[in-house]
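Remarks on the structure that follows.
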Amino acid sequence: MKILVLNGPNLGRLGQRQPAIYGHTTLPEIVGALRERAAVHGHEILDLQTNHEGVLIDRIERRDYDAIIINPGAWTHYSYAIRDALAASDVRVVEVHISDVSAREDFRQVNVLEGIPAHSVIGKGWVGYLDALDWLIAAR
Ligand code: DQA
């Protein structure tokens, strides 16, 4: 399985960005850990982090993967364009949020992706990405 790991705006600064909320682990470390675990099971990780919505949608439109793990960052709360792109991907989507969005600001209580991901991992820190991968492998 080729698994596309997508990270939206501001997630390229994981490790430095508000570590009290998002932890000290960097995105390259997370992707490295995913790649290692995926390889053990014979799967491949493709990855993209972008701060640009259209770039993310263009990547989803390439359809060169079998499943998606996505942390859409703030787009979660307002991007119908990302929702539509994920719905049109026709693959299993797993959503990850490092922080527990349900315990944060009101605007984070809105999730416009609701109903699209087959599974969500929320508030488990960076290891939530590994949980997402494990879920995808088990669901296959
Ligand atoms: C986030 C939560 C979002 O509300 C926020 O905008 C992010 C990160 C998380 O991983 O906890 O950028 O998706």
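All values below come from the heavy atoms of this structure, side chains included, with hydrogens, waters and symmetry mates left out. We count ligands from 1, going down the list as the structure has it; atoms in each ligand are counted the same way. By convention here, the first residue in the shown sequence is residue 1.
Annotation for ligand 1: atoms under 4.0 Å from non-hydrogen atoms of Ile98 are 9 (C), 10 (O), 11 (O). Less than 4.0 angstrom separates some heavy atom of His77 from each of these atoms of ligand 1: 3 (C), 4 (O). Proximity to Tyr22 (heavy-atom distance under 4.0 Å) selects the following atoms of ligand 1: 5 (C), 7 (C), 8 (C), 9 (C), 11 (O).
Using a 4.0 Å heavy-atom cutoff, Asn71 is listed among the residues neighbouring ligand 1. Distances shorter than 4.0 angstrom do not occur between any heavy atom of Trp75 and any atom of ligand 1. Judged by the shortest distance from any of its heavy atoms, Arg17 lies inside the 4.0 Å radius around the atoms of ligand 1. At least one heavy atom of Val101 sits closer than 4.0 Å to an atom of ligand 1.
Here the protein heavy atom with the shortest distance to atom 5 (C) of ligand 1 is Arg108 NH1, 3.2 Å. When hydrogens are left out, the protein atom nearest atom 11 (O) of ligand 1 is Ser99 OG, 2.6 Å; that is the closest non-hydrogen contact.
The pair Asp64-Arg59 meets the salt-bridge criterion, since a charged nitrogen lies less than 4.0 angstrom from a carboxylate oxygen. Salt bridge annotation for Arg37-Asp134: present, with a cationic side-chain nitrogen under 4.0 angstrom from a carboxylate oxygen. Between Arg35 and Asp47 there is a salt bridge, with a side-chain nitrogen of the basic residue lying less than 4.0 Å from a carboxylate oxygen of the acidic one.
Judged by distance alone, with hydrogens and angles left aside, the side-chain atoms of His77 form a donor-acceptor pair with the main-chain N or O of Val110 at under 3.5 Å.
The shortest N or O to N or O distance between Ala74 and ligand 1 is under 3.5 Å. Between Leu11 and ligand 1, no N or O atom pair is found at a separation short of 3.5 Å.
Here the CZ atom belonging to Arg13 is positioned 9.0 Å from the CD atom belonging to Gln18, to the nearest 0.5 angstrom.
Val127 and Ile122 fall into different hydrophobic clusters, where Ile, Leu, Val, Met, Phe, Trp and Tyr are joined by side-chain heavy atoms under 4.5 Å apart, directly or via other members.
Both the backbone and the side chain of His97 come within contact range of ligand 1, each with a heavy atom under 4.0 Å.
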**Report entry** Worked check of side-chain hydrogen bond (donor to acceptor under 3.5 Å, both in side chains) between Gln109 and Ser102
**Finding:** CA-CA 6 Å; Gln109 310 308 312; Ser102 71; 5.4 Å; no
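None of Asn111, Asn71, Thr76 except one satisfies the side chain to side chain donor-acceptor pair (under 3.5 Å) rule with Glu95; the exception is Asn111.
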